[in-house]
There are 2 protein chains.
Amino acid sequence: MQLDEFSNIFKSLSEPVRLRVMYLLLERGELCVCDIVSSLEVSQSVVSRHLAYLRNAGLVSSRRQGVWIYYQLAESNDFIRQLLALFKQSGEDCVTLKGDLNRLQAEGRESNCC
Amino acid sequence: MQLDEFSNIFKSLSEPVRLRVMYLLLERGELCVCDIVSSLEVSQSVVSRHLAYLRNAGLVSSRRQGVWIYYQLAESNDFIRQLLALFKQSGEDCVTLKGDLNRLQAEGRESNCC
DNA sequence: GAATTATATTCGCTTAAGCAAATATGTACA
DNA sequence: TGTACATATTTGCTTAAGCGAATATAATTC
C-alpha cells in the first residue's frame, strides 16, 4: 500500500454518515439502500452520495436485484480488513452506531420495502 | 468511543503529510520539528500546522527543551493504539514512508540542528 | 539588549467536500 | 405505453481545509 491509498481509506472513514454505513454493513453483511436510509434517518440523496463515495473508494460493492440495489463490503486487502475489524469491535460502545443497528432490526420486522 | 471521535481520528490520518509525521514518530519515538521538516522535505510552516492539528486531535504531544520542541505520540486508548500499530506494520511497504525514514537516518549522522 | 535560531501563527487565497432540492435513470407492473 | 417506485446524479450554495508568504513568539548567545 502506498501513501495515497492509506490517506484515501482514512478519508473515506472520516465522515460520520459513511462510518455509520460501514458499521451497518460490517454487522449485517448486505443491505439495500432503503434499509440504510431509514436506519440512519438521513435523506436518500445523502445516503446515495456517500454510498457512491465508498464504492469509488473500493470499500463497498453493489448488486442490483430488481428495483433494489444491495450494498456489501468489498473484498479488500489485509490492512483494510484488519482496520474494519478493529472498527467493528470498537464500535460496540458507540451510542449512535448501536442506535442505527437497533432501528434496522426494528424495521426489519415490519419492512415496507425490499 | 463515540462517532465523532472515530471520524476525527480518521480525518486526522487522512492527510498525507500527517500520515508521514505519524509514521516517523511511530518508528522513532521522539523527534524535533527540524528533523521532521528536513526528513519530509516540506516547508516548516506546513509541518508546523500539521503538528498543531495532530496535537489538537490528541494524537501527539510535545515538550520544549531549550529552543527545540520535541514531538512524540500521545498516550491513547486501545482503538488508537491498535490502529497505529496496524498502520506502522502496513507502512513497511510504502515507498514514501520508507524514504522519509531513510532521510531521517541519513541526516541524523550529520545533523545541523538539535 | 540586539541578533540569531527554532517554531508557531496569521493572512489571503484556492480547492474539496458537504448539504438540500430538484431532476434523471432504470426496473416493474398494469 | 404509462405510471410508480428505488436509486443515482446534477445544480447551486456554503463551509472546511489546504498552501505559501509573511509575521510573531520564545529561547540562546554575544
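Computed from a predicted model, the values in this text were never measured in an experiment. Heavy-atom basis, side chains included; hydrogens, waters and symmetry copies ignored. Residue numbers start from 1 in every chain, and the chains themselves are labelled A, B, ... in the order their sequence lines are given, proteins ahead of strands.
A parallel orientation is assigned to the rings of A/F10 and B/F10, their planes being inclined by less than 30° (bins at 30° and 60°).
Using a 4.0 Å heavy-atom cutoff across all strands shown, B/Y70 reaches no nucleic acid atom at all.
A/I69 has its CD1 atom 10 Å from the P atom of C/dG26, to the nearest Å. If you take CG of B/L13 and P of D/dA17, they are 14 Å apart, rounded to a whole angstrom. Counting to the nearest Å, the P atom of C/dC19 and the CD atom of A/E41 are 16 Å from each other. Regarding A/N56, its CG atom lies at a distance of 12 Å from the C1' atom of D/dA8, rounded to whole Å. Note: CZ (A/R55) to P (D/dT9) measures 6 Å, nearest angstrom. Protein atom CH2 of A/W68 is 8 Å distant from nucleotide atom P of D/dT7, rounded to whole Å. A straight line from CD of A/E15 to C1' of C/dC19 spans 10 Å, rounded to a whole angstrom. Straight-line distance from the CG atom of B/N8 to the C1' atom of D/dA16: 13 Å, rounded to whole Å.
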*Check the pair A/F79, A/I9 against side-chain contact (heavy atoms from CB on, under 4.5 Å), reporting the backbone distance first and the verdict last.*
CA-CA 10 Å; A/F79 175 73; A/I9 291 164; 4.2 Å; yes
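Put simply, B/H50 has a side-chain N or O that comes within less than 4.0 Å of OP1 or OP2 on D/dC19. Of the side-chain N and O atoms in B/K11, one or more sit less than 4.0 angstrom from OP1 or OP2 of D/dA17. Note on A/Y53: every side-chain N or O is 4.0 Å or more away from OP1 and OP2 of C/dC19.
Taking CD of A/Q44 as the reference point, atom OG of A/S38 lies at 12.0 Å (rounded to 0.5 Å). To the nearest 0.5 angstrom, B/I36 atom CD1 is 12.0 Å from B/H50 atom NE2. The line from OH of B/Y70 to CD of B/E30 is 7.5 Å long, rounded to the nearest 0.5 Å. Rounding to the nearest 0.5 Å gives a distance of 5.5 Å between CG of A/L31 and CG of A/L25.
By the 4.5 Å heavy-atom criterion applied to side chains, B/Y23 and B/C94 are not counted as neighbours. Two residues are said to be in side-chain contact when any heavy atoms from C-beta on lie closer than 4.5 Å; B/L101 and B/L24 meet this criterion.
Map A/V17 and B/A52 each onto its nearest nucleotide of DNA chain C; the residue landing nearer the 5' end is B/A52.
Distance alone, capped at 3.5 Å, is enough to place a donor-acceptor pair between the B/R64 side chain and the B/G66 backbone.
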*B/S/- contact track for nucleotides 20-30 of chain D, protein heavy atom under 4.0 Å*: BBB---SSS--
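Annotation: proximity of residues 21-34 of chain B to DNA chain C (heavy atom, distance under 4.0 Å) is found for B/C32, B/V33, B/C34, numbered in ascending order.
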